Amino acid sequence: MNSNCIHLFKYYKLLGEKTFSQLNDEQLFAAPNSTCNSISILVQHLWGNMMSRWTDFLNSDGEKEWRNRDEEFESILQSRDEMLVKWNEGWACLFKALGSLQEADYQKIIYIRKQGHTVTDAIHRQLAHYAYHVGQIVYAGKLIKEGHWESLSIPKNESDAYNRQKFSQQKETIHFTNEYLNKGMKE
């Protein structure tokens with residue numbers, strides 16, 4: 001279970017990073033309107049959530065007293081470098097926590113806002129939450145870039161070619177993220 005989830009978390013981290021790389025600094029901090037969050041604010045929120053959820057997560061509530069969630073939605077970060085520090089710090093906290101798990105830990109009960117979850121359920125909860133926000137980041141990037149977006153999946157009108165290439169290969173059992181992670185991420 002753990003390695004599958006780690007692959008998925010790495011995949012979503014990579015999608016965010018591939019989006020950042022297509023945008024200039026101004027675009028990372030621009031919000032489409034007053035009710036929407038900029039990419040930098042989404043990163044700030046993910047950081048706050050990751051730090052709260054994964055710090056001492058087996059022993060303390062996932063909603064830490066020191067977290068100021070409302071502040072995560074204010075424009076605090078001022079540069080790409082600051083944003084990337086938060087991005088990497090949050091993910092490092094997550095991966096360290098997941099890397100520390102033993103098989104017996106997965107059925108332990110942990111708490112998020114005093115609601116009990118098995119560790120497995122908490123991992124799934126956070127995976128869905130991070131995928132949701134990374135999806136917002138990717139969508140915002142695509143809107144910002146308009147017709148100059150480099151697709152992060154199968155490009156429009158290229159499904160047949162992609163499928164022909166896939167079906168020309170031998171069957172194998174691998175995690176679907178391997179091809180993306182191997183091409184776009186240094187281990």
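Values in this document were obtained by computation on a predicted structure and should not be read as measured data.
Atom CE in Met83 sits 6.5 Å away from atom CZ in Phe29 (nearest 0.5 Å). To the nearest 0.5 Å, atoms CG (Leu46) and NZ (Lys13) are separated by 12.0 Å. Distance check: Phe73 CZ to Leu42 CG gives 7.5 Å after rounding to the nearest 0.5 Å. For the atom pair Lys156 NZ and Ile154 CD1, the distance stands at 14.5 Å (nearest 0.5 Å). Between atom CG of residue Asp105 and atom CG of residue Leu98 there is a gap of 11.0 Å, rounded to the nearest 0.5 Å. Rounding to the nearest 0.5 angstrom, the gap separating the CD atom in Gln126 from the CH2 atom in Trp54 is 6.0 Å.
Proximity of Ile76 to Lys86: side-chain heavy atoms (C-beta onward) are nowhere separated by under 4.5 Å. The closest side-chain heavy-atom distance from Leu77 to Leu28 is not below 4.5 Å. The shortest side-chain heavy-atom distance between Gln27 and Thr19 does not fall under the 4.5 Å cut-off. By the 4.5 Å heavy-atom criterion applied to side chains, Phe176 and Leu8 are counted as neighbours. When side chains are defined from C-beta on, Leu14 does not count as touching Leu152, because their heavy atoms never get closer than 4.5 Å. Annotation: side chain of Gln44 is not in contact with side chain of Asn37 (no heavy-atom distance under 4.5 Å). The closest side-chain heavy-atom distance from His45 to Gln136 is not below 4.5 Å. Put simply, the side chain of Leu101 reaches to within 4.5 Å of the side chain of Leu58, judged on heavy atoms.
Leu143 and Ile41 are members of different hydrophobic clusters when ILVMFWY side chains are connected at heavy-atom separations under 4.5 Å. Linking Ile, Leu, Val, Met, Phe, Trp and Tyr whenever their side-chain heavy atoms come within less than 4.5 Å leaves Leu94 and Val85 in two separate clusters. In terms of hydrophobic clustering, with Ile, Leu, Val, Met, Phe, Trp and Tyr side chains grouped at heavy-atom distances under 4.5 Å, Met51 and Ile110 are assigned to different clusters. Under the 4.5 Å side-chain heavy-atom criterion for Ile, Leu, Val, Met, Phe, Trp and Tyr, Trp87 and Trp47 are members of distinct hydrophobic clusters. In the hydrophobic cluster analysis, where Ile, Leu, Val, Met, Phe, Trp and Tyr join through side-chain heavy atoms closer than 4.5 angstrom, Met50 is grouped apart from Ile112.
In Gln165, the CD atom is crowded: over 12 heavy atoms of neighbouring residues, nucleotides or ligands sit closer than 6.0 Å. Heavy atoms from other residues, nucleotides or ligands lying under 6.0 Å from CD of Gln169 number more than 12. By the 6.0 Å contact criterion, OH on Tyr139 is open, its count of non-hydrogen atoms from other residues, nucleotides or ligands being 12 or less. Around CD of Glu74, the count of heavy atoms belonging to other residues, nucleotides or ligands within 6.0 Å exceeds 12. In the displayed structure, Lys96 atom NZ is contacted under 6.0 Å by at most 12 heavy atoms of other residues, nucleotides or ligands.
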- Message: Quick one, Trp91 with Phe9, criterion side chain to side chain contact (heavy atoms under 4.5 Å, CB included). Give me CA distance, side-chain angles, the key distance, then yes/no.
- Response: CA-CA 9 Å; Trp91 288 103; Phe9 281 119; 3.9 Å; yes
- For side chain to side chain contact (heavy atoms under 4.5 Å, CB included), just list the numbers for Gln115 and Arg125, CA-CA rounded to whole Å, side-chain angles, deciding distance to a tenth of an Å, and then say yes or no. CA-CA 12 Å; Gln115 293 177 331; Arg125 174 181 171 162; 4.0 Å; yes
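Pairing each heavy atom of Phe95 with each of Lys10, the nearest pair is CZ-CG, 3.6 Å. Nearest heavy-atom pair, Ala97 versus Phe57, reported as atom, atom and distance to 0.1 Å: CB-CE2, 3.6 Å. When all heavy atoms are compared, the tightest approach of Cys36 to Ala31 is O-CB, 3.5 Å.
Between Thr118 and Thr120, the side chains place no donor N or O within less than 3.5 Å of an acceptor N or O (distance only, hydrogens not considered). Judged by distance alone, the side chains of Asp81 and Ser79 never bring a donor and an acceptor atom under 3.5 Å apart.
Distance alone, capped at 3.5 Å, is enough to place a donor-acceptor pair between the Ser52 side chain and the Lys64 backbone. In terms of modelled atom types and a separation under 3.5 Å, the side chain of Glu150 and the main chain of Gln22 share no donor-acceptor contact. Side-chain N or O atoms of Asn163 include none that pairs as donor or acceptor with a backbone N or O of Asp160 at under 3.5 Å.
Exactly one of Arg53, Lys114, Arg69 qualifies for a salt bridge (Lys or Arg N to Asp or Glu O under 4.0 Å) with Glu63. That residue is Arg53.
Of the charged side-chain nitrogens involved, at least one lies within less than 4.0 Å of a carboxylate oxygen, so that Glu72 and Arg67 count as a salt-bridged pair.
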